[in-house]
Peer 1: 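Sharing a structure below in structure tokens format, with a few things to ask.
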Number of protein chains: 2
Amino acid sequence: MGTNAAGFNNILQTWGYKPTTQRQAVLEVILKNQDKHLSAEEVFAETKKTNPRIGLATVYRTLQLFEKVGVLQHISLDDGCMRYEMADPEQKYEHQHLICEVCSDVIEIREDMAFFAEKVFLQKGFRITTHQVKAFGICKKCSDDLECNHGNDGK
Amino acid sequence: MGTNAAGFNNILQTWGYKPTTQRQAVLEVILKNQDKHLSAEEVFAETKKTNPRIGLATVYRTLQLFEKVGVLQHISLDDGCMRYEMADPEQKYEHQHLICEVCSDVIEIREDMAFFAEKVFLQKGFRITTHQVKAFGICKKCSDDLECNHGNDGK
DNA sequence: ACCCTAATGAGTTTCATTTTCATTTGCTTT
DNA sequence: AAAGCAAATGAAAATGAAACTCATTAGGGT
């Protein structure tokens, strides 16, 4: 199972949704860009390459639909729009995002946060279903670059 | 030191900004609502009570300014607008938000995440300056309520 | 081929946030 | 205290992501 073009139709049909060409086209874009975090506009632009007649509204609706059926999840990287990525097939662990304040690169990491959810439940009785960890800072590359320019005044 | 009306003027002047009446009025609103996570519109509405001539644009600009000088920090609770809260005076630990999906209540907790930053730095060379942990789920109260209605169909 | 509903697309609308620009205000210098 | 000036403000307009409207199209079953 999992999220491939084949199992995908099953997922939609289980929920009573039709596997239309637009939805398949959007899925392909998603699958081809699993390493990225595309916005609705970006998915729109990319999908139009193979499916020029698709409308932006359909992309927005499709992304929400995919989130509903568990294929996608949205994240906010504080850049003015919602972004989407493949949902974790296992709910157990979830991943985190490191956003470099210099080069805007987004690095994904997978730190186990189960202890966090457990602690919160024990202490507050709050049952976590999903969580997002977003960290801003300076990535190794930019850190090294700054190191190199040490002593320069930038001119 | 710290963020009170007195030390506040110093902070602004250090950065070369003027402690205007509008900025002081917004600060008072912030200080009076430290337990909440106000949006720009909410700060605007609240500030108008004591300062009816203030403009919405000024509130937006002031909130950004306060963030810049380290008085505030913004958070996204996925409810359609940016929200603000007092910045942590110590950069060491930061706090996390639990958002109940039933009653929309926001609970703050303070779990030490220093180990997380350390681990990320050791493994990726990424130096975290700020991070946000946002967890969605069901709070204790709503969880108990659901328990009570067990067996009912809601009518 | 027909029917019916879900799905789509183009355009419109909403609403948070930003920008513009003329006016005002807070300081600093006389 | 008056003048000068840049920073700050307010009102209005602009922007842009996301949602909505509604007439049209397309799936899937009969």
Side-chain angles (χ1 to χ4, degrees), chain A residues 5 8-29 37-69 71-84, chain B residues 5 8-29 37-69 71-84:
Chain A
F8 173 67
N9 290 359
N10 283 333
I11 295 178
L12 287 186
Q13 277 162 358
T14 302
W15 284 75
Y17 298 117
K18 295 176 184 169
T20 65
T21 39
Q22 287 88 339
R23 287 170 184 167
Q24 315 229 20
V26 169
L27 179 71
E28 276 171 36
V29 169
H37 305 86
L38 300 180
S39 66
E41 290 280 357
E42 287 167 354
V43 172
F44 178 53
E46 203 59 30
T47 308
K48 272 212 288 200
K49 291 179 183 173
T50 61
N51 208 325
R53 307 207 43 233
I54 197 168
L56 179 55
T58 299
V59 172
Y60 273 102
R61 283 184 291 230
T62 302
L63 292 175
Q64 286 175 223
L65 183 72
F66 285 4
E67 182 155 32
K68 186 174 172 184
V69 303
V71 171
L72 288 183
Q73 67 183 62
H74 71 265
I75 52 170
S76 160
L77 300 180
D78 289 2
D79 65 345
C81 63
M82 207 64 90
R83 294 181 172 278
Y84 290 85
Chain B
F8 174 67
N9 291 359
N10 282 334
I11 296 177
L12 287 186
Q13 277 162 359
T14 300
W15 284 75
Y17 297 118
K18 297 176 183 170
T20 65
T21 40
Q22 288 89 337
R23 288 171 182 168
Q24 315 230 21
V26 169
L27 179 71
E28 277 172 35
V29 168
H37 306 86
L38 301 180
S39 65
E41 289 280 357
E42 287 166 353
V43 171
F44 177 54
E46 202 59 31
T47 308
K48 272 212 288 199
K49 291 180 183 172
T50 62
N51 208 325
R53 307 208 41 234
I54 197 168
L56 179 56
T58 299
V59 172
Y60 273 101
R61 285 185 290 233
T62 302
L63 292 175
Q64 285 176 219
L65 183 72
F66 284 5
E67 183 156 32
K68 186 173 174 186
V69 302
V71 172
L72 288 182
Q73 67 183 61
H74 72 265
I75 52 170
S76 159
L77 301 179
D78 289 3
D79 66 344
C81 63
M82 206 65 91
R83 295 182 171 277
Y84 291 85

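Keep in mind the model is a prediction, meaning the values are calculated, not measured. Reminder, nothing fancy here: chain letters follow the sequence lines and each chain counts from 1.
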Peer 1: Among the candidates D:dA18, C:dG26, C:dA7, find the nucleotide nearest to the side-chain atoms of B:T21.
Peer 2: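 Of the options given, the side chain of B:T21 lies nearest C:dG26.
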Peer 1: Measure the CG-OG distance between A:L77 and B:S76 for me, rounded to the nearest 0.5 Å.
Peer 2: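 So the CG of A:L77 and the OG of B:S76 are separated by 10.5 Å.
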Peer 1: Is any side-chain heavy atom of A:Q24 closer than 4.5 Å to a side-chain heavy atom of A:N9?
Peer 2: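 Of all side-chain heavy-atom pairs linking A:N9 with A:Q24, at least one is under 4.5 Å.
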Peer 1: How long is the line joining NZ of A:K18 and P of C:dT5, in whole Å?
Peer 2: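 After rounding, the reported distance stands at 10 Å.
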Peer 1: Calculate, to the nearest 0.5 Å, the distance between atoms OG and CE belonging to A:S39 and A:M82 respectively.
Peer 2: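 Answer for the OG-CE pair, A:S39 versus A:M82, is 11.5 Å.
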Peer 1: How far does CZ of B:R53 sit from OG1 of B:T21, to the nearest 0.5 angstrom?
Peer 2: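 Between B:R53 CZ and B:T21 OG1, I get 10.0 Å after rounding to 0.5 Å.
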Peer 1: Distance check needed: C:dT28 P versus B:Q13 CD, whole Å only.
Peer 2: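 That distance rounds to 8 Å.
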Peer 1: On the nucleotide D:dA26, are OP1 or OP2 found under 4.0 Å from the side-chain N or O atoms that A:Q22 carries?
Peer 2: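 Checking D:dA26 against A:Q22, no side-chain N or O comes under 4.0 Å of OP1 or OP2.
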Peer 1: Hey, does B:E41 have a side-chain heavy atom less than 4.5 Å from the side chain of B:L56?
Peer 2: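 Yes, their side chains come closer than 4.5 Å.
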Peer 1: If I take atom CG in residue B:D78 and atom P in nucleotide C:dA16, what distance separates them, rounded to the nearest angstrom?
Peer 2: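 Whole-Å distance recorded here is 15 Å.
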Peer 1: Of A:Y84, A:F8, A:Y60, which meets ring pair (Phe, Tyr, Trp, His ring centres under 6.0 Å) against A:F66?
Peer 2: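 Result: among A:Y84, A:F8, A:Y60, A:F8 is the only option passing the ring pair (Phe, Tyr, Trp, His ring centres under 6.0 Å) with A:F66.
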Peer 1: Is A:H74 close to B:D78 at the side-chain level, that is, under 4.5 Å between some pair of heavy atoms?
Peer 2: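 Yes. Closest side-chain heavy atoms under 4.5 Å.
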Peer 1: In whole angstrom, what separates A:L12's CG from D:dA26's C1'?
Peer 2: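 Checked: the CG to C1' distance equals 16 Å.
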Peer 1: Quick one: on DNA chain C, does B:T20 or B:Q64 contact a more 5' nucleotide (nearest heavy atom)?
Peer 2: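 Looking at DNA chain C, the more 5' nearest nucleotide goes with B:Q64.
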Peer 1: Specify the residues of residues 47-60 of chain B, ordered by number, for which at least one heavy atom lies under 4.0 angstrom from an atom of DNA chain D.
Peer 2: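 The stretch gives B:R53, B:I54, B:G55, B:A57, B:T58 as the residues lying under 4.0 Å from the strand, ordered by number.
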Peer 1: Of B:R61 and B:R83, whose closest DNA chain C nucleotide lies nearer the 5' terminus?
Peer 2: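 On the 5' side of the pair lies B:R83.
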Peer 1: Rounded to the Å, how far apart are B:F44 CZ and C:dT17 P?
Peer 2: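 My rounded result for the distance is 13 Å.
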Peer 1: Hey, what bend do you get for the helix from C:dA1-D:dT30 to C:dT30-D:dA1 if you fit axes on five pairs at each end, rounded to 10°?
Peer 2: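 About 30° separates the two local helix axes.
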Peer 1: Out of B:I54, B:V71, B:T20, which residue meets the side chain to side chain contact (heavy atoms under 4.5 Å, CB included) rule with B:V26?
Peer 2: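 Only one of B:I54, B:V71, B:T20 forms a side chain to side chain contact (heavy atoms under 4.5 Å, CB included) with B:V26, namely B:I54.
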Peer 1: To the nearest angstrom, how far is B:M82 atom CE from C:dT18 atom C1'?
Peer 2: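 Checked: the CE to C1' distance equals 13 Å.
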Peer 1: Could you check whether any side-chain N or O of A:R23 sits under 3.5 Å from a backbone N or O of A:T62, counting only pairs where one atom can act as donor and the other as acceptor?
Peer 2: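 Answer holds: no.
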Peer 1: Look at the side chain of B:P19 and decide which nucleotide, out of C:dA7, C:dC27, C:dT17, has an atom nearest to it.
Peer 2: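 Among C:dA7, C:dC27, C:dT17, the one nearest the side chain of B:P19 is C:dC27.
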Peer 1: In whole Å, I'd like the distance from the CG atom of A:L63 to the P atom of C:dA7.
Peer 2: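 So the CG-P distance, A:L63 to C:dA7, works out to 15 Å.
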Peer 1: Send over the distance from A:Y17 OH to C:dT8 P, rounded to a whole Å.
Peer 2: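 Rounded to whole Å, this separation is 12 Å.
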